[in-house]
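Here is the structure we will look at, set down as C-alpha cells.
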Amino acid sequence: MSKVYMQDGRLVVPDCVTVPFIEGDGVGAEITPVCQQIVNEAVKQAYSGKRSIEWKEVLAGGKAFEQTGEWLPEATMDAFREYLIGIKGPLTTPVGGGIRSLNVALRQTLDLYVCLRPVRWFRGVVSPVKEPEKVDMHIFRENTEDIYAGIEWEQGTPEAKKFYAFLRDEMGVKKVRFPETSSFGVKPVSVEGTKRLVRAAILYALQHKLPSVTLVHKGNIMKFTEGGFKRWGYEVAETEFADRTFTMNQYNQLKKDSGEASAKAALTDAVNAGKVIIKDCIADAFLQNTLLIPKEYSVVATLNLNGDYISDQLAAMVGGIGIAPGANINYLTGHAIFEATHGTAPDIAGKNVVNPCSLLLSSVMMLEYLGWKEAAVLITNALEKLFGAGVATADLARFMPAGKALGTKEFGQRVVESL
Ligand code: NAD
C-alpha cells in the first residue's frame, strides 16, 4: 500500500509513499530531478532505508499540452485526488486557452483552501533588512475566496452595463464615480471560508507551539468582507479554542470592565500558560510592522489578496523567491500540493543556474506534512551549513561577501553530500 489516506481526521502514511509530481515548465526540468535526488537521499539516511518515496510523474502545463493537447489532463487531477499529496514545479500560464491559471484550477478543483507559506531566514543569505533573523512567520492565506474568485466584468461590455444597472436600480448604489467606463469585480468572503482558514491557522500554532496568530485584514474600510474575516476569526478562537487561546478582544473587554492592569495580568497569565494569543492588524500597518517589529508576528491568517502581497514582501525580506516555499492544503480531506512559488523563469531556463531551493523547501514542507520530520531536518540543516559557508546558486551567492556560485546540479550535489 503506497497511498497516503485519511482515517478519523488523521493522515495515515505508509512507509513507501507514492507522490505524484508535475515536473514544471521552463526551469522545472532542472529543479525537479535535483530536489527528488536530495529528498530520496535524506529519507534513506533518516530511516536507514525503511521508508521511501516512489515518484509518479503526472502532466500539466506546456509538457501536457505538447503530449496530450490539454493543459491540465483529467488523469493528473485523478492522481492528486487518489494519492492526496503531490508536488509541482512552476507552470506556464496558458495564453488564450480556456483555463485562466493552472494553479488556480488545481486549487479550486481540490478545494485547497489554505495557501501556507512559511518564511524564515537562513544565516548567510543576504537580506535587504537589518535583522532578518527576526523574521519567522507562517502565512495562512485564504485560497478560494475574495477578489480571486474571478467574478468580474470588463468595462464597456453588456455584462458590466447590466451589473451597474442592477447596482443602481435594485441596490440604490450611487457611489460609482465613472459608471460608463468602470469594470466591476465581486469580493465574496464567507463565514465558512474564513472559519476553516483561521481554524487551520490556530491548530497549526498549537501543534507547533507558536505564540500567536494575527488576523490581517482591511476591515476598517471593507467592513463586511475584511471586517467579517476579523470578527469570524475571533469567534473561532473564542468558541472552539476557548481554553487554549486568549484574544485581544478579551483583553480589550477586560480592560474596559476591570482596568488595564487586570487585562495585562490576564495576558501575562495566558502567555505563561502557553496559550496562543489571537490578535489582529490592519493590512497596511501590518506590512509596515513586518519591517519594523517582525518579532511580534508568528502565524498570520489573512484573506487571499492581502496574502499575495504579504507573501512576496516577507519572501523578499529573507532572500527572495528563489528560496520561498509554499503549499496548498485542504486539512479536512488531506489533499495537499506543495509547489515552487516562483514562475518558469524563461530567461534562465536551460542554463543550469536556477536556484532549486523553493521547490526543495516545499519538499521539506511535504516531509513535515507526512510526519517525516527527521528527513526534513536533515535537508534544512544541510542548507544552513551551505548558506552559512557562502555556498549557493548565483542568485544568492552574488550578494554573499564570500559567495561561491554553483550551478543547479552542482549545488544539489553539495546538498546531498552535506546531509
Ligand atoms: P518568474 O518567477 O518566472 O521570474 C521572475 C524573475 O525571477 C526572473 O528574472 C527569473 O529568472 C527569476 N527567478 C525565478 N525563480 C528563480 C529561481 N528559482 N532561481 C533564480 N532566479 C529565479 O516570473 P515571470 O517571469 O513573471 O513568469 C514566467 C512564467 O511563469 C509566466 O508564464 C507566469 O505566468 C508563470 N508563473 C508561474 C507560477 C507558478 O507556477 N507557481 C508563478 C509565477 C509565474
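When a ligand or atom number is given, it counts from 1 through the structure's own listing order. In this chain, numbering begins with 1 at the start of the sequence shown. The analysis underlying the following values was restricted to heavy atoms, covering all of them including side chains, and did not include hydrogens, waters or symmetry mates.
- Closer than 4.0 angstrom to ligand 1 sit non-hydrogen atoms from Lys88, Pro90, Leu91, Thr92, Thr93, Asn103, Ile321, Gly322, Ala340, Thr341, His342, Gly343, Thr344, Ala345, Pro346, Asp347, Ile348, Val354, Asn355, Asp395.
- For an aromatic pair to be called close, the ring centres must be under 6.0 Å apart, and Phe163 with Trp153 satisfies this.
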Using atom types as modelled, flag every donor-acceptor pair under 3.5 Å from a side chain in residues 203-216 to any protein atom, sequence neighbours excluded.
residue	atom	partner	partner atom	Å
Tyr204	OH	His138	ND1	3.1
His208	ND1	Tyr204	O	2.9

Side-chain donor-acceptor distances from residues 121-128 under 3.5 Å, at least two apart:
residue	atom	partner	partner atom	Å
Trp121	NE1	Val125	O	2.8
Ser127	OG	Val129	N	2.9
Ser127	OG	Met317	O	2.7

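- Salt bridge annotation for Asp136-Arg120: absent, with no cationic side-chain nitrogen under 4.0 angstrom from a carboxylate oxygen.
- Between Arg141 and Asp308, at least one side-chain N (NZ, or NE/NH1/NH2) sits under 4.0 Å from a carboxylate O, which counts as a salt bridge.
- Judged as a side-chain contact (heavy atoms from CB on, under 4.5 Å), and not counting sequence neighbours, the contacts of Glu145 are Glu142, Val189, Ser190.
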